[in-house]
Amino acid sequence: MSYIEKVKITNYKCFKEFSFELKKGMNIIVGNNESGKSTILEAIHLALSGLLNGKYLKNELSQYIFNKETEKNYLSSLKEGTPQPPPTISIEVFFDNNDFPEFEGNGSSDKEACGFLLKIDFNDEYNEDYEELIKTKKVATIPIEYYKITWISFARENISIKSIPIKSVLIDSASTRFQNGSDVYISKIIKDDLTVKESVELSQAYRKTKESFMEEESIKMINEKVTKNAGFSTKKIEISIDLSPKNSWENALMTYFDDIPFHQIGKGEQCLIKTNLALAHEKTKGSNLILMEEPENHLSHTKLNQFIKNIEDKLKDKQIIITTHSNFIANKLGLKNLILLNDKKAVAFASLEKETKETKETYEYFKKLPGYDTLRMILCKKAILVEGRSDELIIQRAFMDKNEGMLPIEKEIDVISVEGLAFERFLYIAKMIKKSVAVVTDNDKNYNKKIEDKYTKYKQYPSIEIFADERNEFHTLELQIADANKENLKLLCDVLKIDSNKQTEESIADYMKRNKTKCALNIFDAKEKILYPEYISKAIDWCK
Amino acid sequence: MNNNKLIIAAAGSGKTTLLINKAMEIKNGKVLFTTYTDNNAGEIKQKFISEYKYIPKFITIQTWFSFLIKHGAKPYQGSYNEQMFGYDIKGLKLVNEKSGYKIDKNDKPIIVNKHRLYWPEQDIKKHFFDIRDRIFSDKLSKFVFKANKSSDNKVINRIARIYTHIFIDEAQDLAGYDLEIVKLLLNTNSTIILVADPRQTTYSTHQESKYKKYADGKIKDFFLEKCKKLIDIDEDSLEVSYRNNQEICNFSSALYPEFPKSKPWACCRDNTGTYNGVWLVQKKDVELYSYQDKYNSVILRWDKKKKSSNTLRPAFNFGESKGKTFEGVLIYPTKEMEKWIFDHRTELKNKTRAKFYVAITRAKYSAAIVVNDGVRINGSPDLKIWTPRK
């Protein structure tokens with residue numbers, strides 16, 4: 001079985017330059033909304049099928065599929081007298097192995113490889129027109145009317161979509177219909193599985209049906225009448241069925257499910273049927289790629305379970321890419337299959353396993369964690385890493401106090417308590433995917449060594465911030481809280497539900513240390529607001 | 001071994017048909033069927049259709065040049081030289097003289113000491129390509145050879161993994177680096193079968209001096225000397241002409257006395273009607289001949305662009321007609337050819353001899369040669385001067 005090993009996207013929609021690796025079997029892209037998950041599926045499907053939103057790209061080409069920044073750069077380059085050529089979109093698809101020698105060559109951006117690219121670029125034949133356009137100085141958009149769309153193998157040969165050995169099936173939530181209302185993709189799924197012989201038979205049978213319509217006695221009578229009434233003696237006027245190729249069976253035949261037109265049944269059911277049909281495809285040559293967009297959107301929890309089981313059972317020699325922001329799916333389908341996507345950067349989780357010692361440790365660490373925790377960092381907008389459950393509660397409350405009582409998670413900020421001080425494991429992933437992450441931590445009695453030195457390597461990553469107090473004598477959160485509230489120990493004691501009599505900062509801190517969780521819960525639940533240490537306040541401000 | 005074979009046989013002996021039949025027998029394979037000229041490639045396609053109604057999917061018919069561009073030059077062009085990675089080879093520039101000479105600003109060749117100056121190989125773009133990014137036909141196979149070498153044989157390996165069988169028709173036209181490429185292919189797992197008629201070496205598009213000694217129909221010597229262990233040479237299995245009748249066989253064999261005589265197949269032999277054979281038609285009779293000619297003879301001449309007295313007939317130049325079969329032909333010979341007709345001891349250039357041979361052997365029944373008025377034949381039994389019927 002052959003599969004797609006890598007995809008490189010340039011200047012397409014939100015991706016200016018984007019490259020990511022895929023593996024055989026299951027691939028799960030996890031990312032927050034707007035991270036470009038659907039665009040990845042769309043781009044792959046476009047490269048493999050020529051279809052964008054169920055329609056042929058050649059009819060759908062618009063400047064909106066270009067990367068905004070690229071377009072801006074191009075247009076301003078013209079204005080500023082430093083003209084650049086019209087931008088090019090390319091989607092490169094790399095195959096894994098040697099099954100397709102025709103696709104081998106050194107025409108890829110990686111030089112030697114096996115695969116092809118979809119290229120949307122300026123057509124040189126319009127050089128003259130372009131020259132005129134530039135002279136008008138009124139170029140407001142990318143001049144897509146002078147663009148061409150080509151598929152080129154890495155052997156630098158123009159190819160047709162038909163010759164691409166991997167066919168893709170897109171199962172998404174949007175529905176795209178033919179003129180007659182039938183679903184584009186269900187027809188494609190069925191069509192892709194037909195042998196050449198079957199598809200010839202199907203179109204022949206369809207043709208015959210049309211012809212036999214004309215043979216009907218009643219139709220003949222009607223046509224005779226029409227001809228007679230039209231008043232021509234030698235020429236016929238007839239009603240007939242459109243036999244032109246554009247009216248082929250795909251446009252006219254409809255798929256039914258238990259006598260109900262396919263597009264009328266529930267979305268969830270549609271999704272299951274399409275997936276099953278796609279999984280059942282047996283192509284002797286070439287293979288199939290299933291692209292599935294957020295299956296959690298239209299499947300209930302039980303259906304989701306059934307769906308996942310189905311995929312696992314039948315996947316065997318197929319490749320599938322699922323996008324999701326559901327912890328449940330990502331967790332169920334396995335951490336090793338995850339591709340983390342954030343800010344147009346993708347990291348395959350499994351790739352960590354083979355790289356350096358550091359990545360290996362990171363991989364091992366997350367493999368042991370419940371998958372849920374790993375994904376929290378990926379799926380939120382910003383994450384705050386803390387040292388334990390009690391710290392987590394206090395940060396949550398500190399956040400609420402500054403945000404009209406809203407929980408951090410309501411603003412897509414996740415406070416994650418990291419056991420055993422494994423901050424660096426999280427930070428490792430954060431820096432790879434450019435995730436905004438803050439660490440809120442104690443200074444362990446030695447700010448210079450435990451904070452400055454330890455975290456100095458993250459200073460070059462602006463998305464990572466470390467919050468800790470420089471004063472070595474305040475080396476625990478409890479000491480810090482007592483210190484922050486030293487002007488009003490009475491209030492703090494009330495919140496902690498202890499007698500404020502004869503209490504000092506030290507004694508309160510001591511009590512808190514002995515009753516960590518209880519104290520944290522009390523602070524979290526209290527009506528009154530306590531004061532927070534400066535480094536925590538700063539961390540809360542960072543969230544904005 | 002992998003059954004590599006070079007089959008040498010005369011015109012009309014069914015070389016192409018043999019390859020077609022062999023191709024159709026192949027199960028589980030992919031076949032590249034290649035030949036030098038577009039015309040012959042078209043001829044091969046036509047033969048497939050008339051024999052088998054269609055060209056099966058596993059068979060690709062392509063001219064040698066397009067094959068070399070598609071599978072030889074483009075896939076690993078970047079290996080040959082860094083600047084070739086993003087270069088767009090826009091096709092072939094057919095040349096009849098040594099390509100890549102330097103020109104002045106009026107596009108005229110620069111001449112120093114009566115010689116043109118040529119771009120050296122280091123100036124890749126000017127050495128191999130014309131101004132419109134087309135690769136010169138005389139250097140294409142050299143480019144392929146070099147790209148293969150610098151890519152560590154990847155070009156050839158890729159081809160061998162695509163095609164289990166490579167059939168080369170009219171292999172006598174291969175020259176220079178073409179031969180190197182064939183030799184490399186012989187070393188792969190693919191089965192290579194070449195058919196050739198050394199008598200029909202009409203093309204010499206290669207100006208490179210490489211392997212000059214194997215030019216002009218010496219292709220057999222190349223294989224004997226350079227890769228004897230990789231290929232069997234078969235000169236016997238096709239010795240009968242299915243195309244030409246006795247008189248045509250005799251006449252054409254006389255052009256190459258050193259080769260075995262071509263024998264007409266039984267059915268051609270029977271067909272010796274009044275109109276058949278080799279005719280000399282005097283210029284003054286050409287019009288009448290054409291009028292009375294029952295075979296609608298096709299005109300064959302050195303250069304079809306030259307004005308013909310008979311513009312209504314289809315015309316080909318000699319080289320172009322290779323691989324084709326016609327019932328009758330009307331040949332406009334060159335001066336040397338005409339001399340030779342009357343005196344076989346006349347010196348003929350290799351190319352001229354080959355073209356004349358090709359022209360004569362196109363005809364199934366009747367080959368008419370246009371000669372000057374008033375010629376005489378002195379006891380030459382195979383020649384007849386055509387006289388109009390009343």
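A note on names: the letters A, B, ... follow the listed sequences, proteins ahead of strands, and every chain is numbered from 1.
Between A/Asn106 and B/Ser79 the shortest side-chain heavy-atom distance falls below 4.5 Å. No side-chain heavy atom of A/Glu157 sits under 4.5 Å from any side-chain heavy atom of B/His71. Under the 4.5 Å side-chain criterion, counting only non-hydrogen atoms from C-beta, A/Arg156 is in contact with B/Phe85.
Counting non-hydrogen atoms of other residues, nucleotides and ligands closer than 6.0 Å to NZ of B/Lys70 gives a total above 12. More than 12 heavy atoms of other residues, nucleotides or ligands shown are found within 6.0 angstrom of NZ on A/Lys6. More than 12 heavy atoms of other residues, nucleotides or ligands shown are found within 6.0 angstrom of OH on B/Tyr87. Heavy-atom neighbours of B/Asp38 CG from other residues, nucleotides or ligands within 6.0 Å: at or below the threshold of 12. Within 6.0 Å of CG on B/Asp104 lie more than 12 heavy atoms contributed by other residues, nucleotides or ligands. A/Lys119 NZ: 12 or fewer foreign heavy atoms inside a 6.0 Å radius. Heavy atoms of other residues, nucleotides or ligands lying less than 6.0 angstrom from NZ of A/Lys148 number more than 12.
Between the CD1 atom of A/Ile152 and the CG atom of B/Asp88 there is a distance of 8.0 Å, given to the nearest 0.5 Å. Atom CZ of residue A/Phe100 and atom CD1 of residue B/Ile162 lie 12.5 Å apart, to the nearest 0.5 angstrom.
Judged by distance alone, the side chain of B/Arg158 and the main-chain N or O of A/Gly105 form no donor-acceptor pair under 3.5 Å.
Neither the backbone nor the side chain of B/Lys57 has a heavy atom closer than 4.5 Å to any heavy atom of chain A.
Under the 4.0 Å criterion applied to side-chain N and carboxylate O atoms, A/Glu104 and B/Arg161 are assigned as salt-bridge partners.
Heavy-atom pairs under 4.5 Å with chain A were tallied for B/Gly86, B/Gly78, B/Ser151; the largest tally goes to B/Gly78.
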| Yes or no on salt bridge (Lys or Arg N to Asp or Glu O under 4.0 Å) for B/Lys154 and A/Glu112, after CA distance, side-chain angles and deciding distance? | CA-CA 10 Å; B/Lys154 285 205 174 94; A/Glu112 206 177 311; 3.1 Å; yes

